[in-house]
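The structure under discussion appears below in the form of structure tokens.
All values below were derived from every heavy atom in this structure, side-chain atoms included, with hydrogens, water molecules and symmetry-related copies excluded. Values in this document were obtained by computation on a predicted structure and should not be read as measured data. Residue numbers start at 1 and run along the sequence shown.
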Amino acid sequence: MLLTVKNLKTHLDSGAEIVRAVDGISFDIKKGETFCLVGESGSGKSITALSIIQLIPKEICHHPEGQIWFDYRHDDGTQEQVNMLALDDDHQSGIRGARIAMIFQEPMTSLNPVYTIGDQIIEALQLHWPELDYDKAKQRAIEALAQVQISDPEQRVDEYPHRLSGGQRQRVMIAMAMACEPDLLIADEPTTALDVTVQAEILRLMKELQERKGMGILFITHDFGVVAKMAHKVAVMRNGVIVEAGSLQQILKQPKHHYTQELLAALPENMIRIRAEAGGKQTLVQAANKPILEVENLKVHFPVKKGLWGRTASYVKAVDGIDLTINEGEIVALVGESGCGKTTLGRALLRLIEPTAGSICFSGTNIVPLKHRDMQPFRTHMQMIFQDPMSSLNPRLNIVTTLTEPMAVHGIGENQEARLDLARQILLRVQLSESHLWRYPHEFSGGQRQRIGIARALVLNPKFIVCDEVTSALDVSVQSEILQMLLDLRSERQLSLLFITHDIGVVEYVSDRMVVMKAGKIVEQGLTDKICHAPQEAYTQQLLAAVPRLYG
């Protein structure tokens, strides 16, 4: 057995309180086997992984019980069963990276911002293979970057982390972890920030390395589609304990624990099936034929400046000639890979980014030539829910200020008391308590912050909202609640939504029409059901084929 965890308990010191983050779990992983650990945020999945690799600071963590046995392979090829909890720091350091590697969930905080990505991969290689000279280590680093589909790896190897996108940084973390070809790979949500095509390639690469080297994988994820593609065995975790474990087929097709059943029922793929069995599409509002937004030949080009005098050498054509119509009460999904221009298009529609050319007609008025003061009346009707609510909420403002300040700017509410009453109503509508008004963003979970982002968009009673990856970082149960909430709000308010996402399951569940974007252009658009079941363009076919499905 490559890894055996017996009755592991990990307790964290939080002031006077002891948090039982992991409370007596047991599992094992064989060589060449993938063990998927699933569950919602706060269930203890990541703490389990960090306990195995012994990366939690000892001053805040202790293990009152448990053993973590690892089949350690020495450099001479001999094997030894070692208890990770009993090893000293030097022995643990020798195992980390070379024999057990970890892909962390948040690459920006895991990569050193003052070193190039190449230097960081080279450091890991030379630490565990001292005989490897710099030139050979750099060449291996370039090969590792090429394996995870980093474009121009020869140039990218000398880039700093802040110059890469989130998806590219995640690929660098994967390249770094896999460069030393470990015996056990711990992958903590490794594909959350990746496009479906890159995700498919990364999963293929991990399986290929696993087959070639007999590598065991502990795969932590909330994506059951990925679980269906990768897992041999699955364990479902909640509140620090494993509530159910078994083979992949047993968990997916015959779940016994009610929590597992709830998680599976909350997946968009199952929500669609349940809705169909109940008698058709759960659309309470029929989109009108009257357009609320008409876009013609929209372009957003960013200049690339070079030389001492900042001469414009070329342009990045982020949005390059888009024609798009959204009707009243309609939900249009915008899909495509990172860098295709989805977010830029969404921001340009609201004039948060100035268009280079083209027209944007909102309710019959072209808003592109309007000056800032003339745009003010339109701001109440056009809102955006941002991808990362933590970075879009002001950490110094409590929620009551976040919600009432926009109302005061736009003259909504007779006085502060009236605005406060509206804020209470909106919070209740997004399933938060009135008491939350007096808290600050850091006091909320990710799902709660996303609800606050939705509330902030709703306080002005808009007609059109751009939703930018609003469910990408959420647990499946929270995601299903947010999606249902948006459908209900569409029904109540005749809202029109542009829903930017890379999750095709969400697209199928929530949208009426689907728009596929590539390299700044729309390559295909039409009814969601039609495109998902009979895509015409090769790029759309490639996107849909890369989506990991729960069944089949």
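Applying the salt bridge (Lys or Arg N to Asp or Glu O under 4.0 Å) criterion to K31, with sequence neighbours excluded, gives D71. Taking the salt bridge (Lys or Arg N to Asp or Glu O under 4.0 Å) definition, one finds that R347 meets it with nothing, sequence neighbours left out. Scored by the ring-ring contact (aromatic ring centres under 6.0 Å, His included) test, F444 finds H436 as partners (sequence neighbours excluded). E354 is linked by a salt bridge (Lys or Arg N to Asp or Glu O under 4.0 Å) to R351, counting only residues two or more places apart in sequence or in another chain. Not counting sequence neighbours, the partners of N461 by the side chain to side chain donor-acceptor pair (under 3.5 Å) test are R493. For E143, there are no side chain to side chain donor-acceptor pair (under 3.5 Å) partners at least two apart in sequence or on another chain. In this structure, the ring-ring contact (aromatic ring centres under 6.0 Å, His included) partners of F27, at least two apart in sequence or on a different chain, are F35. Not counting sequence neighbours, the partners of K521 by the salt bridge (Lys or Arg N to Asp or Glu O under 4.0 Å) test are D320. Applying the side chain to side chain donor-acceptor pair (under 3.5 Å) test to Q525 and every residue at least two apart in sequence or in another chain returns nothing.
What you find for L252 and A228 is that their closest heavy atoms are CD1-CB, 3.9 Å. The shortest non-hydrogen separation linking I360 to A348 is CD1-O, 3.3 Å. Contact between D323 and N297 at its shortest, heavy atoms only, is OD1-N, 2.6 Å. Residues I531 and M514 share a closest heavy-atom pair of CD1-O, 3.5 Å. Across all their heavy atoms, L495 and P462 have their closest contact at CD2-O, 3.2 Å. In terms of heavy atoms, P255 sits closest to T260 at CB-CG2, 3.7 Å.
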Can you give me every donor-acceptor pair (side chain of residues 196-205, partner residue at least two apart or in another chain, under 3.5 Å) with its distance?
residue: T197; atom: OG1; partner: E337; partner atom: OE2; Å: 2.0
residue: Q199; atom: OE1; partner: T191; partner atom: OG1; Å: 3.0
residue: E201; atom: OE1; partner: R204; partner atom: NE; Å: 3.2
residue: E201; atom: OE2; partner: R204; partner atom: NE; Å: 3.1
residue: E201; atom: OE2; partner: R204; partner atom: NH2; Å: 2.3
residue: R204; atom: NH1; partner: E208; partner atom: OE1; Å: 2.8

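Remark: side-chain polar atoms of S247 are paired, donor with acceptor, to backbone N or O of Q250 under 3.5 angstrom. In this structure, Q383 contributes its side chain and R379 its backbone to a donor-acceptor pair below 3.5 Å. With hydrogens and angles ignored, the 3.5 Å screen pairs a side-chain donor or acceptor of E524 with a backbone N or O of E537. Remark: side-chain polar atoms of K45 are paired, donor with acceptor, to backbone N or O of G39 under 3.5 angstrom. Judged by distance alone, with hydrogens and angles left aside, the side-chain atoms of K299 form no donor-acceptor pair with the main-chain N or O of P355 at under 3.5 Å. Formation of a donor-acceptor pair under 3.5 Å by the S511 side chain with backbone atoms of V507 is found in this model. Within the 3.5 Å criterion, the main-chain N or O of I331 finds a donor-acceptor partner in the side chain of D512. In this structure a side-chain-to-backbone donor-acceptor pair under 3.5 Å is missing from E328 to S496. D152 places no side-chain N or O within 3.5 Å of a backbone atom of Q155 that could act as its donor or acceptor partner. A donor-acceptor contact shorter than 3.5 Å is absent between the side chain of S491 and the backbone of L487.
Counting only N and O atoms by type, the side chains of T343 and D468 include a donor and acceptor under 3.5 Å apart. Using a 3.5 Å distance cut-off with no hydrogens or angles, the side chains of T34 and Q210 do pair a donor with an acceptor. Side-chain atoms of S359 and N366 form no donor-acceptor pair, as typed in the model, at a separation below 3.5 Å.
For residues 450-463, the salt bridge (charged side-chain N to carboxylate O under 4.0 Å, His left out) pairs, not counting sequence neighbours, are R451-E481. Counting only residues at least two apart or on different chains, the salt bridge (charged side-chain N to carboxylate O under 4.0 Å, His left out) pairs with a member in residues 225-236 are D28-K233, E33-K233.
Using a 4.5 Å heavy-atom cutoff, the side chains of I292 and N327 are not in contact. In this structure, the side chains of I353 and T344 come closer than 4.5 Å at one or more pairs of heavy atoms. Two residues are said to be in side-chain contact when any heavy atoms from C-beta on lie closer than 4.5 Å; L352 and M384 meet this criterion. Side-chain contact check for F499 versus L486: some heavy-atom pair is nearer than 4.5 Å. Side-chain atoms of Q484 and L489, non-hydrogen and from C-beta on, never get closer than 4.5 Å to each other. Within the 4.5 Å cutoff, side-chain heavy atoms of L350 are placed close to those of F464. Here the side chains of Q120 and L111 are in contact, with some heavy-atom distance below 4.5 Å. R156 places none of its side-chain heavy atoms less than 4.5 Å from the side chain of V172.
Between the CG atom of L543 and the NZ atom of K518 there is a distance of 9.0 Å, given to the nearest 0.5 Å. Rounding to the nearest 0.5 Å places CG of D374 at 12.0 Å from CD1 of I367. In this structure, CE in M382 is found 10.5 Å from CG in L498, a value given to the nearest 0.5 Å. Note that CD1 of I142 is 13.0 Å distant from CD of Q147, once rounded to the nearest 0.5 Å. Atoms CG and CZ, on L164 and R171 in that order, are 9.5 Å from each other to the nearest 0.5 Å. Taking CD of E159 as the start and CD1 of I117 as the end, the distance is 7.0 Å to the nearest 0.5 Å.
A salt bridge between R513 and E330 is present, with a side-chain N of the basic residue lying under 4.0 Å from a carboxylate O of the acidic one.
More than 12 heavy-atom neighbours from other residues, nucleotides or ligands sit within 6.0 angstrom of CZ on F302.
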So V335 and H502, side chain to side chain contact (heavy atoms under 4.5 Å, CB included) or not? Walk me through it.
CA-CA 6 Å; V335 301; H502 66 267; over 6 Å; no
Test side chain to side chain contact (heavy atoms under 4.5 Å, CB included) on L393 and F386 and set out the steps.
CA-CA 10 Å; L393 294 172; F386 296 92; over 6 Å; no
Apply side chain to side chain contact (heavy atoms under 4.5 Å, CB included) to residues R429 and E492 and explain how you reach the verdict.
CA-CA 11 Å; R429 185 63 195 83; E492 294 169 10; 2.8 Å; yes
Before you tell me yes or no, could you show the steps for S46 and D188 under side chain to side chain donor-acceptor pair (under 3.5 Å), namely the whole-Å CA-CA distance, both residues' side-chain angles and the distance that decides it to 0.1 Å?
CA-CA 7 Å; S46 294; D188 188 1; 2.7 Å; yes
Kindly indicate, with the supporting measurements, whether the criterion side chain to side chain contact (heavy atoms under 4.5 Å, CB included) is fulfilled by V470 and Q450.
CA-CA 7 Å; V470 295; Q450 195 60 280; 4.0 Å; yes
